[in-house]
Number of protein chains: 2
Amino acid sequence: MREVLDTAIEVMAEEGVAALSLSEVARRMGMRPPSLYQYFPSKMAIYDALFERGMRQMGEVLKPHLSGLAEDPRSAIAAGQTAMISWVMANPVLAQLLYWRPVPGFEPSPNAFEPAVQQLESLRNALQAAVDAGQLAPDAVSEEGVALFTVLFSGVISQQLSNEPSTSADKGRFTRLTPTALDMFFRYYTPTGGQDR
Amino acid sequence: MREVLDTAIEVMAEEGVAALSLSEVARRMGMRPPSLYQYFPSKMAIYDALFERGMRQMGEVLKPHLSGLAEDPRSAIAAGQTAMISWVMANPVLAQLLYWRPVPGFEPSPNAFEPAVQQLESLRNALQAAVDAGQLAPDAVSEEGVALFTVLFSGVISQQLSNEPSTSADKGRFTRLTPTALDMFFRYYTPTGGQDR
DNA sequence: GTCTATACGTAGATAGAC
DNA sequence: GTCTATCTACGTATAGAC
């Protein structure tokens, strides 16, 4: 199953995300197309497995930075976002699957989508930690604040993927704006000067 | 040609942007597929024409708001962005073509892309007007400032299109953030308190 | 677990008649 | 300008043998 998914990513990288073909995957694996049905019941199931893999990998990338939340939330958030953006540019195919809707008829199953829900929860926690540390105003964890945060990073990713898909995160015209975007967010939700205690 | 493009949009709306089929278009027009080749030399040419149409429509949407730049640039920019976002949600299919890369192998021709260049120029002019009016710091028209602005709005659009594709602009969870996003941008580039004269 | 054979459907594009 | 006929190619998926 691993090899099928790896090969599928390879094919998508060359032909386009929506142009994945099971026959081509089988060809590259030295098999016949019907054999793939031993591992996945349909093409959509492969997309779904790829979606889930992408989400899980993003989760893994984020995880090591969560521990830093206790000490300096803002730095931890920055580090986490930077790491995620790096992953995106190293895995543009999976990123397209996660951030866009490139495949007609494909919608991730609830199962594949679950890690995404957890990540949103992590984000909320992270922002809350920053609020508690006095680095952000309480509004930052409102529905609006969280949505605004996701807008910023989905914007960076979308612009980079559509305008310069084949760059590394540190060189991309848009991915390099990650720290600036973060700065903008933190300034917008600057805590009011009022005393905490 | 108009009818071909209209029908193509219809098909894409139902089957997905990447699943456009000339046969289906011909079928709906009561024609045979070869007849379409009288109007467009290939499928990619149709995508290209659609891309150009989308870009031009966006330009038209923006145009009436450019005149307001002389008086109150910030309001004009806000009105223009709001109008564009409305257009996007009313034309999600074309928007996907403009903002994402959903079609394997399709890249807009320089000709189709030209209106996009003009729009970036308009944006630059608009931001410059706001700087001149003392509503924005000069940095806002730097490469970084302009890119950051596009990131904000491509983020709103991407999040909305992938999470709630079938909503109107005034109801979308993300499109409703348009004014807030603008506010964030303007605050980030607040002119320094120094005297102008 | 992999295969052959096959059903079944689709597509984009061209040649050449009318 | 539209058609028929055709080329050429590809795809997903299933049945059933080994």
Nearest-0.5 Å distance that lies between atom CG in L5(B) and atom OH in Y39(B): 12.0 Å

side-chain N/O S42(B) vs dG12(C) OP1/OP2, d < 4.0 Å: no

Worked verdict on F149(A) versus F185(A) for ring pair (Phe, Tyr, Trp, His ring centres under 6.0 Å): CA-CA 7 Å; F149(A) 192 93; F185(A) 184 82; 5.1 Å; yes

Of L94(B), N91(B), D48(B), the residue whose pairing with R53(B) passes side chain to side chain contact (heavy atoms under 4.5 Å, CB included): L94(B)

Sugar-phosphate, base or nothing in reach of L20(B), heavy atoms under 4.0 Å: sugar-phosphate

Angle by which the axis turns from one end of the helix from dG1(C)-dC18(D) to dC18(C)-dG1(D) to the other, five pairs per end, to 10 degrees: 0°

Whole-Å gap separating P (dA11(C)) and CD1 (I46(B)): 13 Å

Geometric class of the F113(B)/F51(B) ring pair [parallel <30°, tilted 30-60°, perpendicular >60°]: parallel

Sugar-phosphate, base or nothing in reach of S21(A), heavy atoms under 4.0 Å: sugar-phosphate

T150(B) versus Q159(A), side-chain donor and acceptor atoms under 3.5 Å: yes

CG-OG distance between L36(A) and S42(A), expressed to the nearest 0.5 angstrom: 11.5 Å

Side-chain (Q119(A)) to main-chain (L62(A)) donor-acceptor, under 3.5 angstrom: no

Distance in angstrom units between L22(B) CG and dA9(D) P, rounded: 19 Å

Polar pairs (N or O, both sides) under 3.5 Å between protein and nucleotides 16-18 of chain D?
none

Contact letters for nucleotides 3-8 of chain C, in which S counts primed atoms plus P, OP1 and OP2 and B counts the base, heavy atoms under 4.0 Å: BBB---

Touch class at under 4.0 angstrom, heavy-atom based, for Y39(B) against every strand present: sugar-phosphate

Between dT14(C) (P) and L36(B) (CG): distance, integer Å: 13 Å

Short side-chain donor-acceptor distance under 3.5 Å, S109(A) and N111(A): no

Integer-rounded Å distance: dG11(D) C1' and E24(A) CD: 12 Å

Distance-only polar pair, side chains of Q81(A) and T178(A), donor-acceptor under 3.5 Å: no

R101(B) to F106(B) six-membered ring, cation-pi geometry met (6.0 Å, 45°): no

Nearest-Å distance for atom pair CE/P, residues M44(B) and dA11(C): 15 Å

Whole angstrom value for the distance that separates C1' of dT12(D) from CZ of F106(A): 17 Å

E15(A), CD: over 12 other non-hydrogen atoms inside 6.0 angstrom: yes

Whole-Å distance separating the CZ atom of F40(A) from the C1' atom of dT2(C): 17 Å

